[in-house]
Amino acid sequence: MEDDLKHLLIAAGLLTATSAMAADKPELTVYTYDSFVSDWGPGPKVEEAFEAICECNLNLVGVEDGAALLSRLRLEGNNTDADVVLGLDTNLIETAKTTGLFAPHAVEAKYTLPVDWADETFVPYDWGYFAFVHKKGATVPSSFRELAESDTKILIQDPRSSTPGLGLLLWVKSAYGDEAADIWAGLSDNIVTVTKGWSEAYGLFLDGEADMVLSYTTSPAYHLIAEEDDSKTTAAFDEGHYMQVEVAAKLAGTDQPELADKFLNFMVSDAFQSIIPTTNWMYPAVTPASGLPAGFETLQTPEKALLLAPEDAVAARREALPEWLEALSQ
């Protein structure tokens with residue numbers, strides 16, 4: 001009985017000591033999007049890898065999609081709990097800068113992006129091309145005009161809450177300019193539904209609710225590598241494909257500035273970048289020493305890449321969103 005009591009006291013002491021040690025560790029809160037923190041996303045592996053070197057607790061907070069992420073930060077303002085935000089993209093960074101919520105970074109990296117990068121606030125961590133995913137063997141359109149004239153059913157995301165949705169808006173606008181409103185009018189009866197975020201739309205596609213879903217040229221790599229399923233591919237559009245570069249930044253009001261800087265530097269390291277291809281299913285911003293995983297060589301590479309400069313994306317969105325809303329309200 002006495003020995004049992006000793007063991008209980010020792011165990012209780014160890015538990016208290018462990019709790020105290022955990023409590024002594026600083027915490028870094030990173031706001032990101034839901035799919036990043038999911039069990040199959042990069043979050044769990046990123047958390048494990050960073051905590052192994054930071055002597056801290058990494059708190060990843062999922063907030064729907066990238067556009068919703070910026071909306072939450074703007075709502076919280078200087079009272080936000082976030083130290084770092086991860087999941088905005090080039091279409092949002094100009095708007096993000098106007099909030100005054102972000103601080104410059106000190107990251108240096110040899111990026112392998114298809115565009116030059118020299119932003120003083122936002123650090124890229126991955127990139128990809130938007131595309132419509134469909135089943136192999138299906139007859140699909142090769143342009144937005146063909147899509148509008150066809151019976152093909154599609155699933156898209158809302159540009160007000162989703163970075164892919166905003167990417168599609170700017171894809172059409174950059175390809176068609178003043179004719180974008182006519183394109184949307186033609187596409188309105190092809191759209192099965194508009195979801196708030198990417199996950200909902202892709203899930204509906206997998207359930208057979210539409211012929212194609214707005215996603216990325218890299219999405220078939222997931223099915224090929226993770227599921228050994230080569231039945232998915234992407235439609236090549238004659239207009240070209242709009243690019244997305246995803247970024248992270250430090251909040252100016254963080255009480256963990258050094259830890260935030262450490263995370264941003266970790267983000268462009270091999271340890272982080274090697275996680276991205278087979279968890280976030282995008283191209284890494286810095287190609288890992290081991291290269292890209294087998295299967296990525298099978299992906300479609302657009303012949304023409306479209307990308308608006310951040311300041312131009314703001315102006316284009318201002319024009320394109322009312323066009324989109326009007327077309328879908330008919």
Look only at the side chain of [X] and the backbone of [Y], and say whether a donor-acceptor pair between them is shorter than 3.5 Å.
X	Y	value
Ser188	Ala185	yes
Thr112	Thr287	yes
Thr80	Gly77	no
Thr32	Leu86	yes
Asn78	Gly253	no
Trp198	Ile156	no
Thr99	Ala96	yes
Ser71	Ala67	yes
Asn280	Met282	no
Asn265	Asp261	yes

Closest heavy-atom pair and its distance - [X], [Y]:
X	Y	result
Thr217	Pro302	CG2-CG, 4.4 Å
Arg145	Glu239	N-OE2, 4.1 Å
Ala180	Val172	CB-CG1, 4.0 Å
Ser215	Val133	CB-CG2, 3.7 Å
Met267	Pro124	CE-O, 4.1 Å
Phe130	Pro164	CE2-CA, 3.4 Å

Counting C-beta onward and ignoring hydrogens, is there a side-chain heavy-atom pair between [X] and [Y] closer than 4.5 Å?
X	Y	value
Lys135	Thr233	no
Thr193	Leu155	yes
Asn57	Glu51	yes
Arg317	Leu166	yes

Kindly compute the distance separating [atom1] ([X]) from [atom2] ([Y]), expressed to the nearest 0.5 Å.
X	Y	atom1	atom2	answer
Asp238	Ser142	CG	OG	4.0 Å
Glu94	Thr98	CD	OG1	7.5 Å
Thr29	Asp255	OG1	CG	8.5 Å

Close aromatic pair by centroid cut-off 6.0 Å: Trp117 and Phe122
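Ring centroids of Trp117 and Phe122 are no less than 6.0 Å from each other.
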Please tell me whether Tyr222 and Trp40 form a close aromatic pair, meaning their ring centres lie under 6.0 Å apart.
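For Tyr222 and Trp40, the ring centres are not under 6.0 Å apart.
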Please check if any side-chain donor atom of [X] sits under 3.5 Å from a side-chain acceptor atom of [Y], or the reverse.
X	Y	answer
Tyr202	Gln157	no
Trp281	Ser219	no
Gln244	Tyr129	no
His241	Gln300	yes

Output yes when [X] and [Y] qualify as a salt bridge under the 4.0 Å nitrogen-oxygen rule, no when they do not.
X	Y	answer
Lys173	Glu319	yes
Lys97	Asp119	yes
Lys262	Glu258	no
Lys250	Asp83	no

Let's go through Val247 and Asp89 carefully: what are the C-alpha distance in whole Å and the side-chain angles of both, what is the deciding distance for side chain to side chain contact (heavy atoms under 4.5 Å, CB included) to 0.1 Å, and is it a yes or a no?
CA-CA 5 Å; Val247 298; Asp89 68 7; 5.6 Å; no
Applying the ring pair (Phe, Tyr, Trp, His ring centres under 6.0 Å) criterion to Trp127, which one of Tyr216, Tyr283, Tyr111 satisfies it?
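By the ring pair (Phe, Tyr, Trp, His ring centres under 6.0 Å) criterion, Trp127 pairs with just one of Tyr216, Tyr283, Tyr111: Tyr283.
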Check the pair Glu76, Arg72 against salt bridge (Lys or Arg N to Asp or Glu O under 4.0 Å), reporting the backbone distance first and the verdict last.
CA-CA 6 Å; Glu76 293 178 347; Arg72 174 164 172 174; 2.8 Å; yes
Evaluate Glu323 against Arg318 for salt bridge (Lys or Arg N to Asp or Glu O under 4.0 Å), listing each step before the verdict.
CA-CA 9 Å; Glu323 295 171 347; Arg318 195 177 298 122; over 6 Å; no
Over 60° means perpendicular and under 30° means parallel, so classify the ring planes of Phe36 and Tyr125, tilted if in between.
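Judged by the thresholds at 30° and 60°, the geometry between Tyr125 and Phe36 is perpendicular.
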Going by side-chain hydrogen bond (donor to acceptor under 3.5 Å, both in side chains), name the residues that satisfy it together with Gln273, two or more places apart in sequence or in a different chain.
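Gln273: no side-chain hydrogen bond (donor to acceptor under 3.5 Å, both in side chains) contacts found.
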With a cut-off of 3.5 Å and sequence neighbours excluded, list every side-chain donor-acceptor pair involving residues 205-213.
{"residue": "Asp211", "atom": "OD2", "partner": "Lys153", "partner atom": "N", "Å": "2.7"}

Checking side-chain contact (heavy atoms from CB on, under 4.5 Å) against Leu168, which of Trp324, Tyr242, Phe144 comes through?
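Result: among Trp324, Tyr242, Phe144, Phe144 is the only option passing the side-chain contact (heavy atoms from CB on, under 4.5 Å) with Leu168.
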